[in-house]
Amino acid sequence: MQPIRTFNVSPSLPASLEPLRQLAYNLYWDWNTEIKELFRRLDRDLWEATRHNPVALLARVSQSRLQEVAADDGFLAHMERAVGELNTYLHDRSWYKHKRANNVGKECFAYFCAEFGLVDCLPIYSGGLGVLAGDHLKSASDLGLPLVAVGLLYQKGYFAQYLNAEGWQQERYPVNDFHNIPVQLERKPDGSELRIAVEYPGRMVYARVWRVQVGVVPLYLLDTNIEPNSAYDQDITDALYGGDLDTRIHQEIMLGIGGFRALEALGHKPSVYHMNEGHSGFLILEHIRVLMQRDGLSFVEARQVAQSTQIFTTHTPVSAGFDLFPPDKTIYYVGHYAGIYGLSKDDFMGLGRENAADLNSPFSMAALAMKTSSFVNGVAKLHGVVSREMFQNMWKDVPIDEVPITSVTNGVHARSCVAKSVQELYDRYLGPEWSEKSIEDPIWHKMDAIPDEELWRNHEHSRSEMVVYVRDRIVSHLKERGATLAEINHAQEALDPGVLTIGFARRFATYKRATLFLRNLERIKKILVGNKERKVQFVIAGKAHPKDIPGKALIRDIVHFTRSEGMNSVVFVPDYDIYVSRVMVAGCDIWLNTPRRPHEASGTSGMKAAMNGLPNLSILDGWWDEADYVRTGWPIGHGELYSDEDYQDSVEANAFYDLLEQEIVPLFYDRDKEGLPRKWIAKMKDAIRLNCPTFNTARMLRDYATVGYFPASDRNHVVTDNHYQAGKDLAHWKQKMLKHWGDLKVHTVDVSAPEDINVNQSISVKSLIQLGSLEPHDVQVELYKGAVDTNGKIVNADTTVMTYQGRDGNGNSLYTSEIAYAASGLQGLSLRVLPHHPHLSNPYELGSILWA
Ligand SMILES: *Cc1c(COP(=O)(O)O)cnc(C)c1O
């Protein structure tokens, strides 16, 4: 039955409880225990039943309970404290104000992502990328950054998972009721819905804008499920990563172009645009269009201004992971931008091609973002290396370690992922600032002040709570599926709260090799049963993408293993989400990760575990490769790669079994008179002390701000000031450089030294260079020197800028320099010419480099 009218019915809160509404709509409740406790206190069962959703809680809590707490002085005092905490939080964000005192109010950083994982009652994320984006916003708020975020509000969000009797993953798509989650419609001053419109082939599509308030940071989510959009268009924002390639393009147009327009309609004037992964890359097209049509810039000028202020973060370590659109579809959906820019279709397509001359290649969102950003980064040091290799051909003559893709290692938001009781422990012994302190801060010396006993008992308590939670969750899923009483009884006995527990939870993508621990069944069974008192158990969770059959088969294999053995020491927890993750990273003893290196760009669940005091046991990949993996856990293998994957699996599985048998189990069960595993506890403390400040989004945001946002915002001021004068000049200068680069020639390089020289012996180098139509200030001439490797290449090079000495009679420019080698052995020397301009973000922006 279709309703003839619909109403948005708000709960009638007694006036004295009105502050609850304000608290519910700022997600700060998620990382402030006082506020969260207040909602739990209002109605414990409903708090759980609503998936910890304060808006739904307020809508559904009984009127009599509301009357009751309205007359409860204890509750009212608690509420007052909670409101006080929120207000203090909103006004005290000071890191940014101190760092950028002169820019406050003059800049704004826009952050775009296709998914955001903030809280479990807002299921608009699929995995690590979303949770990272959610944590990005929380830490941006903690630091007081002027950041605004843009995404899509999916009607169905990502699927909920359950397993059928055979252990195959089934998907259910619960519909999000936007009026009962912590989002609010953006309205115009006259009270009507704020809407934006975007051109799609042959029609306009409209979207309204919902706001999620994340501390001081607003997250704007677009929603096309409105009239007068057609049924198809209403479904553009239906499901995250759902549908086919056409759906994907429709979504990305809305995210990038619609998102850009939404910020404008809301009155934000971003000085920096940050694309978190390539899905939002179409914002570039709109950015350039606006600069051309509104401000009268030419295409090359507009592209330059856009580029100076855009930032791109890639999260993918394999080329197959990027969005690629076939040429015909690209032209069909966004080809009208070619007309606006005055470009041929091929030139337009070239904006999104790694090699613009390859006319058959698809349009890559990553290539588009990379070519039009002035700062590009991967998400861990190793991922930076892998990305530079992957995209090296876009900077042909640039040595691989200078390819302008850097890395900012991911982190996690400490107050969101550390269990409440553990936070209270840190608050007590380290002080309340621990969650944002850097590794240099003396606060971390105080770790030793935490009594071993207290840390351990606290952790054991978390483990017991996890066991209870896991049993409940499995039992309720079994009941829903109509499982047998025997199965349900069996699940009620799952796990032992006193046993060494290994946690593994993440997306079930095949490269993550969730079943590696089952590779040798004999060995794993022995480990599980242990010798008498030294048992081991596994808690496993994760979703496979609905179309990933091999991923689903891994889940089924695990379920089959547990069934065939009738064991209750390996469990699969259905419907992994942020909440399950938080329970597991606090309650397990070890966090396991077995990706196929280097496929894990970063990985973040291990960081969450480490902050709760768990040692990690992991392949050297992603973040773990740069962590202190000896003191804070164990590495599986040494990062070596074999060409035979099957052989690699077997080597790494064996390394995993060896570590468990020989080191981990003995260490865990080595107890002193008081029953404490002292050495294990020492490792826990190292895990916290070394990883908490490092793999933390507070650190990550400070990095992004310092190396990404602030310089890009400064560039923005330079290139836009004075009616874009400097931006235009830079664009024209680049054109001149590209036109005349071919005239450059290195005529001679004279080195005043024999072949055999000594360390620190001074060598003078002179070079005659033909600049053609270029001026001396257009270029930088550098000597490039370093050791020569076995392939005859210079490695670990350093560079020395040569001094311009004037022109000779033939019009050639003379450059000189003095150098010396600090190391012995076979050393090489080369000379190169790079473009030079004060407003370039880096010398490789043009991709031009001339080697002697
Ligand atoms: C942290 C988290 C992830 C990411 O885990 P990885 O270790 O990076 O795979 C995925 N999903 C949820 C729900 C998370 O909380």
Side-chain angles (χ1 to χ4, degrees), residues 30-31 51-52 113 115-136 138-139 157-161 240-241 276-277 315-317 321 378-380 382-383 409-419 466 473 502-514 516 539-545 548 551 554 573-588 590-612 614 616-619 621-625 627 633 691 695-697 700:
D30 184 49
W31 71 103
R51 289 179 87 173
H52 321 102
C113 191
E115 50 171 309
F116 288 92
L118 287 151
V119 288
D120 55 312
C121 67
L122 208 57
I124 53 170
Y125 62 93
S126 80
L129 177 68
V131 176
L132 177 84
D135 284 358
H136 194 105
K138 290 171 178 174
S139 279
Y158 205 58
F159 70 92
Q161 174 196 53
L240 173 61
Y241 306 141
N276 193 43
E277 199 47 289
H315 293 256
T316 317
V379 290
L382 179 62
H383 182 234
T409 302
N410 281 169
V412 293
H413 185 250
R415 291 275 178 197
S416 296
C417 68
V418 177
M466 175 185 72
R473 193 162 174 110
I502 300 180
F504 181 100
R506 46 183 54 84
R507 280 183 307 113
F508 267 58
T510 45
Y511 77 83
K512 300 207 187 213
R513 294 190 294 183
L516 193 72
V539 180
I540 300 167
K543 297 174 177 176
H545 187 277
D548 181 6
L554 297 178
V573 190
D575 203 18
Y576 182 49
D577 67 4
I578 287 180
Y579 191 77
V580 176
S581 157
R582 290 178 187 176
V583 174
M584 286 179 65
V585 295
C588 294
I590 291 259
W591 200 253
L592 175 66
N593 196 11
T594 50
R596 197 182 288 290
R597 178 178 157 122
H599 286 227
E600 185 87 301
S602 162
T604 52
S605 60
M607 304 172 178
K608 301 171 200 167
M611 283 191 185
N612 280 284
L614 273 65
N616 272 264
L617 169 59
S618 169
I619 300 285
D621 198 7
W623 77 282
W624 190 234
D625 188 61
N691 293 325
F695 301 102
N696 185 320
T697 39
M700 181 184 89

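The residues of the chain are indexed from 1 along the displayed sequence. Indexing begins at 1, ligand by ligand and atom by atom, following the structure's order.
Taking the six-membered ring where the residue is Trp, the centroids of Tyr579 and His52 are separated by under 6.0 Å.
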### Glu600 and Tyr511: CA distance, side-chain angles, deciding distance, side chain to side chain contact (heavy atoms under 4.5 Å, CB included) verdict
CA-CA 8 Å; Glu600 185 87 301; Tyr511 77 83; 3.1 Å; yes

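Looking at Ser605 against ligand 1, both its backbone and its side chain come within 4.0 Å, counting heavy atoms.
With Lys608, Arg506, Arg582, Met607 as candidates, the residue nearest to atom 3 (C) of ligand 1 on a non-hydrogen basis is Lys608.
Which parts of ligand 1 touch Gly603 is read off a 4.0 Å heavy-atom cut-off, strictly below it: atoms 8 (O). Residue Ile578 approaches ligand 1 through these ligand atoms, each under 4.0 Å from one of its heavy atoms: 13 (C).
Atom 11 (N) of ligand 1 has Tyr576 CE2, 3.4 Å as its closest protein atom, hydrogens excluded (heavy atom only). Here the heavy atom of the protein found nearest to atom 10 (C) of ligand 1 is Gly128 N, 3.5 Å. Thr604 N, 2.8 Å is the protein heavy atom nearest to atom 8 (O) of ligand 1. Closest to atom 9 (O) of ligand 1, if we only count protein heavy atoms, is Lys512 NZ, 2.8 Å.
Judged by a 6.0 Å distance limit and a 45° cone about the ring axis, Lys543 is positioned over the six-membered ring of Phe159.
A salt bridge links Asp577 with Arg51: at least one charged nitrogen is closer than 4.0 Å to a carboxylate oxygen.
Qualifying side-chain hydrogen bond (donor to acceptor under 3.5 Å, both in side chains) partners for Asn616, counting only residues two or more places apart in sequence or in other chains: none.
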